[in-house]
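Ligands are counted one by one from 1 in listed order, and the atoms in each one are counted from 1 as well.
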Amino acid sequence: MSRSLGSAGLLLLLAACATPHDDPFDVPTRPVVYKTPDCPTQRRPRPTRSLDDPGPLPTRAGAPAAGRIAVTHAGVGTPPELSDGAERAAKTALDAMLEGQPALEAAVAGTIVLEDDPRYNAGTGANIRLDNATIQMDASLMNDDGAFAAVAVIERVKNPIRAARLVLDSPHVLMAGAGATRFAHLSGLEDVVPVSAEAKAKYDARLERLKAVYEADGSLEFDWKKYWNFPNALPADMEAWRHGGDTVGTVARDAEGRFAATLSTGGTSVTLYGRVGDVPVYGAGLYAGPAGAVACTGKGEEIIRQALARTVYEQIASGISAREAVHAAAAEFPEDAAVGLIAVDRAGWGVAANREMAYGKAIESSAP
Ligand code: GLY
């Protein structure tokens, strides 16, 4: 790594140059070598698979469905045994629509349930970052009329999706960092660090595994000490990096055929302080329009590079079913990076991930 590299350049290099690895949470399973020389030319190859041949995927589902519908995901990498919380979130979103709420408010309600579940990496379960103290979260929402709002690297709120919903009613589209946190508190959200026993347990388990990785011969690990930019000191016993599960989300279609999507995350990658993933980036983590709604989870840097949700939405708008579109996107994602997608369109729904992924669905009618 060049000594002249500034922190902005560093973040770009981290995003573009991290050597891929297998773990759905991006925890490396072998020594990681950061290659810098050829980064600027790295590009994802054009998709080669036909939509009719999405290849084997650990998670694939979808069907025609009529009426109100909500689909949720608990983050790529979450095992199917954790689907109960995602099912509960989907039911909450459907119930909201049955009570007359529009798709947007229903999708917010669904994601609040996911944020309040400490098993998932959002809100109460959000990852603790490298300094064993910081929790920085992103959340976003989009309605099919083009309305979009997001918060990035927000801290000290229990439900970041509520903060994103507040931004929607403000003159702004995206608020970040301390300003976003203060805005949320001034708007009535409680000042609380959403740490949980589950998040601490995840942290400890990963630390053990990561230590083994860094003790392996041949590791040319990125120099975290040198670029340490957290406001808290590097923990004395902390020679490793860590990170956790992934983004949760909800897509919904209401009785009027309106669509919306919401996302919330505690972040997924090995990161410096201030790293922002795909969730609050317009067109990356989620997208909604008159043809449907899409929400992603997974390797944020790659999702941003592909403008994944917008890309999948455009396929749906061109007539490809939500089910086919998300299956193809998951199958074509780089195999060494985790991704999951949920989508609804006018005719039905789809779920796909290149790892296991707990999800939920609540459907008014299965007959199209
Ligand atoms: N997918 C969540 C993130 O990369 O932050």
Side-chain angles (χ1 to χ4, degrees), residues 11-12 14-18 20-21 23-28 44 59 72-78 111 114-115 120-123 125-130 134-142 150-155 160-161 163-164 174 176-177 180 194 199 202 241-251 261-287 294-312 326 329-330 333-334 336-342 352-359:
L11 285 174
L12 284 173
L14 278 174
C17 309
H21 36 77
D23 189 276
F25 300 139
D26 292 335
V27 174
R44 177 177 173 264
T59 308
T72 62
H73 65 68
V76 67
T78 46
T111 291
L114 296 165
E115 286 177 334
Y120 307 148
N121 176 21
N127 284 340
I128 303 166
R129 299 231 170 156
L130 285 165
T134 299
I135 296 173
Q136 293 192 307
M137 300 166 287
D138 304 331
S140 61
L141 57 84
M142 187 163 180
V151 289
V153 291
I154 194 169
E155 299 183 36
I161 193 64
L174 169 62
K202 278 191 287 185
W241 52 359
R242 72 203 76 164
H243 41 121
D246 205 60
T247 309
V248 302
T250 305
V251 291
T262 54
L263 284 177
S264 184
T265 190
T268 190
S269 300
V270 175
T271 68
L272 294 175
Y273 186 66
R275 176 263 186 186
V276 176
D278 58 291
V279 167
V281 176
Y282 183 81
L286 59 70
Y287 199 84
V294 182
C296 306
T297 165
K299 180 77 173 172
E301 284 73 9
E302 181 62 21
I303 291 171
I304 292 170
R305 275 193 282 268
Q306 293 193 25
L308 188 61
R310 171 70 187 250
T311 302
V312 170
V326 296
F333 211 70
D336 43 31
V339 75
L341 304 98
I342 53 176
N354 63 4
R355 307 287 193 276
E356 59 182 6
M357 181 175 78
Y359 67 90

Visitor: Are any non-hydrogen side-chain atoms of P334 and K299 less than 4.5 angstrom apart?
Guide: no
Visitor: As an exercise, identify every atom of ligand 1 less than 4.0 angstrom from a heavy atom of G267.
Guide: 5 (O)
Visitor: G298 heavy atoms, cut-off 4.0 Å: which ligand 1 atoms fall inside?
Guide: 1 (N), 2 (C), 4 (O)
Visitor: Going through the distances and angles, do T311 and Q306 end up as a side chain to side chain donor-acceptor pair (under 3.5 Å)?
Guide: CA-CA 7 Å; T311 302; Q306 293 193 25; over 6 Å; no
Visitor: How close do I161 and T262 get, counting heavy atoms only, and between which atoms?
Guide: CD1-CB, 3.8 Å
Visitor: Residues in side-chain hydrogen bond (donor to acceptor under 3.5 Å, both in side chains) with Y287, at least two apart?
Guide: R310
Visitor: I'd like to know whether D138 forms a side chain to side chain donor-acceptor pair (under 3.5 Å) with T265, so could you lay out the CA-CA distance, the side-chain angles of the two residues, the decisive distance to 0.1 Å, and finally the verdict.
Guide: CA-CA 5 Å; D138 304 331; T265 190; over 6 Å; no
Visitor: Answer with yes or no whether T297 contacts ligand 1, where contact means a heavy atom under 4.0 Å from a ligand atom.
Guide: no
Visitor: Going by the atom numbers of ligand 1, which of them fall below 4.0 Å from some non-hydrogen atom of G300?
Guide: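 This gives 4 (O) as the contact atoms.
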Visitor: Please answer whether the main-chain N or O of M357 pairs with a side-chain N or O of T59 as donor and acceptor at a distance below 3.5 Å.
Guide: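 Side chain of T59 to backbone of M357: a pair is present.
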Visitor: Taking non-hydrogen atoms only, is I303 closer than 4.0 angstrom to ligand 1 via side chain, backbone, both or neither?
Guide: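 The answer is neither.
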Visitor: If you count the atoms of ligand 1 from 1 in the order shown, which ones are under 4.0 Å from a heavy atom of T247?
Guide: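 Near T247, the atoms of ligand 1 are 1 (N), 2 (C).
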Visitor: Could a heavy atom of R275 be found less than 4.0 Å from some atom of ligand 1?
Guide: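 It does, in that a heavy atom of R275 comes within the 4.0 Å cut-off of ligand 1.
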Visitor: Is there at least one pair of N or O atoms, one from D138 and one from ligand 1, spaced under 3.5 Å apart?
Guide: no
